[in-house]
Q: 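First the structure, then my questions, so here it is.
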Amino acid sequence: MSDKPENPNYKRIWATVLLIPKGKVASYGQIADLAGLPGKARLVGRALGFAPKSIKVPWHRVINSQGKISFPIGSEHFEQQKGLLQTEQVVVLNGRIKLKEFQWQPDLSELLFKLEY
DNA sequence: TAAGTGACGGAGG
DNA sequence: GCCTCCGCCACTT
């Protein structure tokens with residue numbers, strides 16, 4: 001059996017993912033940035049893979065920057081993630097999600113709205 | 001120590 | 001929108 005790696009940044013990543021509101025999604029890179037780990041998107045993916053069930057991290061709300069689910073279409077993981085997202089009213093079409101509609105935009109959304117342009 | 005791997009991202013075609 | 005290439009980084013072999 002292989003021991004599971006314990007990178008201290010994992011907790012930071014899990015905590016950030018927990019902030020994503022229901023019905024919204026965020027990209028791996030976005031989570032990395034918010035967690036104070038810019039450029040470490042791949043680390044986010046790994047962290048989610050090691051996330052203990054006891055923390056109940058909404059891993060399904062994290063997708064790649066292209067707005068797609070990062071599992072092969074049809075795989076067990078893919079179907080599970082798609083199902084969970086649809087449960088939250090997020091539209092998944094061909095493994096794709098319209099970031100324009102469903103991407104989480106913390107605080108900044110309000111600013112952009114006020115600025116008008 | 002070097003090479004391979006992957007739940008990534010961005011630029012280009 | 002799709003694909004390829006390259007840079008990136010933690011971890012494995």
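Naming convention: chains lettered A, B, ... in sequence-line order (proteins, then strands); numbering from 1 in each chain.
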Q: Please report the distance, rounded to the nearest Å, between CG in A/Leu99 and P in C/dG1.
A: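 To the nearest whole Å, that distance equals 10 Å.
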Q: What does A/Leu48 touch in the nucleic acid at a heavy-atom separation under 4.0 angstrom: a base, only the sugar-phosphate, or nothing?
A: base
Q: Students often get this wrong, so: under 4.0 angstrom with heavy atoms, is A/Gly29 touching a base, only sugar-phosphate, or nothing?
A: sugar-phosphate
Q: Are any non-hydrogen side-chain atoms of A/Ile31 and A/Ile20 less than 4.5 angstrom apart?
A: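 Answer yes - side chains close enough.
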Q: What is the separation between atom CD on A/Gln66 and atom P on B/dA11, rounded to the nearest whole Å?
A: 12 Å
Q: Starting from C1' on C/dC9, measure out to CG on A/Asn9 and report it in whole angstrom.
A: 12 Å
Q: Identify the two heavy atoms, one from A/Tyr10 and one from A/Ala47, that lie closest to each other, and give their separation to 0.1 Å.
A: CD2-CB, 3.5 Å
Q: OP1 or OP2 of C/dC11 sitting under 4.0 Å from any side-chain N/O of A/Tyr10?
A: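 A/Tyr10 to C/dC11 OP1/OP2: side-chain N or O found under 4.0 Å.
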Q: Just to confirm, is there a sub-4.0 Å distance from OP1 or OP2 of C/dC8 to any side-chain nitrogen or oxygen of A/Lys40?
A: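 Checking C/dC8 against A/Lys40, no side-chain N or O comes under 4.0 Å of OP1 or OP2.
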Q: How many Å lie between CG on A/Leu37 and C1' on C/dC8, as a whole number?
A: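 Distance, rounded to whole Å: 14 Å.
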Q: Quickly work out the A/Arg46 CZ to C/dC8 C1' distance and round it to whole Å.
A: 11 Å
Q: To the nearest Å, how far apart are A/Tyr28 OH and B/dG10 P?
A: 14 Å
Q: Aromatic rings A/Phe71 and A/Trp59: how do their planes relate, parallel, tilted or perpendicular, breaks at 30° and 60°?
A: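 Answer is perpendicular, since the angle exceeds 60°.
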Q: Rounding to a whole Å, what distance do you find between A/Lys98:NZ and C/dG1:C1'?
A: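 Result: 14 Å.
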Q: Does a side-chain N or O from A/Arg42 land closer than 4.0 Å to OP1 or OP2 of B/dG10, or not?
A: no
Q: Hey, are the side chains of A/Tyr28 and A/Ser65 touching, using non-hydrogen atoms and a 4.5 Å cut-off?
A: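 No, side chains not in contact.
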Q: Looking only at the side chain of A/Asn64 (C-beta and beyond, no hydrogens), which of the listed nucleotides C/dC9, B/dA7, B/dG9 gets closest?
A: B/dG9
Q: Ignoring backbone atoms, establish whether A/Ser70 has a side-chain N or O less than 4.0 Å from OP1 or OP2 of B/dA7.
A: no
Q: Quick one: which of C/dC11, B/dC8, C/dC2 gets closest to the side chain of A/Arg96?
A: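 Between C/dC11, B/dC8, C/dC2, the one nearest the side chain of A/Arg96 would be C/dC2.
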Q: Flag the pair A/Lys24 and A/Glu88 as a salt bridge only when some basic side-chain nitrogen lies within less than 4.0 angstrom of an acidic carboxylate oxygen.
A: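 So A/Lys24 does not pair with A/Glu88 through a salt bridge.
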Q: Roughly, in whole Å, what's the span from CG in A/Leu93 to P in C/dC2?
A: 11 Å
